[in-house]
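All remarks here apply to the structure that follows.
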Amino acid sequence: MKQRLLFLGPPGAGKGTQAELLAERHQLLHLSTGELLRAEVKAGTALGQEAEAVMARGELVSDALVLAIVRSRLEGHTGGWLLDGFPRNLAQAEALDGLLAELDQRIERVLLLELEDGVLIQRLLSRGRADDNEAVIRNRLVVYQEQTAPLIDHYRQLGLLCSVEASGTVEEIAGRIVASLTD
Ligand SMILES: Nc1ncnc2c1ncn2[C@@H]1O[C@H](COP(=O)(O)OP(=O)(O)O)[C@@H](O)[C@H]1O
Ligand SMILES: [Mg+2]
């Protein structure tokens, strides 16, 4: 099975849920930049203080800050990994390429979780995180379309992209993901 993966898709598509499940079942390192940033905010670190207001608006925190977080976790890790919420724009994708070249590793597959906007918004509203109110959700979807969606073509051109229908139950989606990683 492929062991070095990116999860791509809009907020609410289920990246975190599926990434956590897959990581646990296949002993992969799960790196969610959103989770790591929220932990920094909670701990009140300098980094967290810098990120908090940006996250509350649904915008992206600085590429340098996020890259530093990812770098610190991937350096020294030799096994498989699964990145969720990173890269989120082309600059981050290029920075990741540079980091992986240094580590002599490469992305084996990019899983795009696809789901229609209406369902995404319903899922996010029922989740109720601090940045899950309607105005911020709309902004996160705009930021996704403008900054993150261009990564779809980028990874398609590299022959790494695999689309997965992200509707249905957690286990149904997990089944589709595993099937797409073993072909
Ligand atoms: N790679 C990243 N670059 C910049 N900001 C990020 C990144 N990852 C997470 N964030 C910040 O954390 C917030 C929440 O991210 P995340 O938990 O991944 O949301 P979701 O999974 O709902 O898309 C984002 O709206 C953004 O402010
Ligand atoms: Mg998430």
Side-chain angles (χ1 to χ4, degrees), residues 5-24 28-74 81-100 107 110-152 154-155 164 166-167 170 173-174 177:
L5 313 170
L6 303 188
F7 273 67
L8 202 60
K15 302 181 297 292
T17 303
Q18 293 298 330
E20 195 178 325
L21 202 60
L22 192 69
E24 189 185 298
L28 308 174
L29 173 69
H30 173 204
L31 284 187
S32 159
T33 46
E35 292 293 333
L36 293 168
L37 287 167
R38 280 187 288 279
E40 298 282 341
V41 170
K42 203 171 164 203
T45 63
L47 198 155
Q49 285 173 17
E50 192 182 326
E52 189 168 16
V54 180
M55 293 172 74
R57 291 195 299 271
E59 284 157 20
L60 299 186
V61 307
S62 84
D63 295 338
L65 200 155
V66 174
L67 183 70
I69 291 182
V70 173
R71 171 184 285 278
S72 72
R73 307 284 164 140
L74 281 189
W81 43 254
L82 218 152
L83 302 186
D84 152 22
F86 177 91
R88 238 178 172 89
N89 58 32
L90 282 167
Q92 292 182 10
E94 281 164 18
L96 177 61
D97 277 347
L99 172 62
L100 292 178
I107 299 163
V110 177
L111 292 165
L112 172 65
L113 298 189
E114 294 194 290
L115 196 62
E116 51 179 294
D117 274 12
V119 185
L120 294 176
I121 293 170
Q122 281 318 308
R123 282 193 188 172
L124 292 168
L125 285 173
S126 66
R127 187 168 73 177
R129 210 169 66 196
D131 57 349
D132 284 342
N133 67 71
E134 195 152 354
V136 177
I137 289 171
R138 296 214 175 270
N139 194 33
R140 283 159 61 204
L141 289 171
V142 169
V143 169
Y144 174 77
Q145 282 308 329
E146 291 180 355
Q147 303 196 44
T148 310
L151 294 178
I152 296 171
H154 174 76
Y155 288 117
V164 176
S167 64
V170 168
I173 303 161
I177 289 174

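Sequential numbering from 1 along the given sequence is applied to the chain's residues. Owing to the predicted nature of the structure, the values given are computational and were not obtained by experimental measurement. All ligand and atom numbering here is 1-based and tracks the order in the structure.
Residues meeting the side-chain contact (heavy atoms from CB on, under 4.5 Å) test with Ser167, sequence neighbours left out: Leu115, Glu165. For Arg129, the side-chain contact (heavy atoms from CB on, under 4.5 Å) test picks out Arg38, Arg127, Asp131, Asp132, Arg140, with sequence neighbours left out.
Within 6.0 Å of CZ on Arg123 lie more than 12 heavy atoms contributed by other residues, nucleotides or ligands.
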Pairs of donor and acceptor atoms involving the side chains of residues 57-70, under 3.5 Å and at least two apart or interchain, shall be tabulated with distances.
{"from": "Arg57", "atom 1": "NE", "to": "Glu59", "atom 2": "OE1", "distance (Å)": "3.1"}
{"from": "Ser62", "atom 1": "OG", "to": "Leu65", "atom 2": "N", "distance (Å)": "3.2"}
{"from": "Asp63", "atom 1": "OD1", "to": "Asn89", "atom 2": "ND2", "distance (Å)": "3.0"}
{"from": "Asp63", "atom 1": "OD1", "to": "Gln92", "atom 2": "NE2", "distance (Å)": "2.9"}

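Looking at Phe86 and Leu31, their side chains never come closer than 4.5 Å, going by heavy atoms from C-beta outward.
Nearest heavy atom pair, residue Pro87 against residue Leu6, reads CD-CD1, 3.7 Å.
Protein residues having a heavy atom under 4.0 Å from any atom of ligand 1 are Pro11, Lys15, Thr33, Gly34, Leu37, Arg38, Met55, Glu59, Leu60, Val61, Val66, Gly85, Phe86, Arg88, Gln92, Arg127, Arg129, Asp131, Arg140, listed by chain and number.
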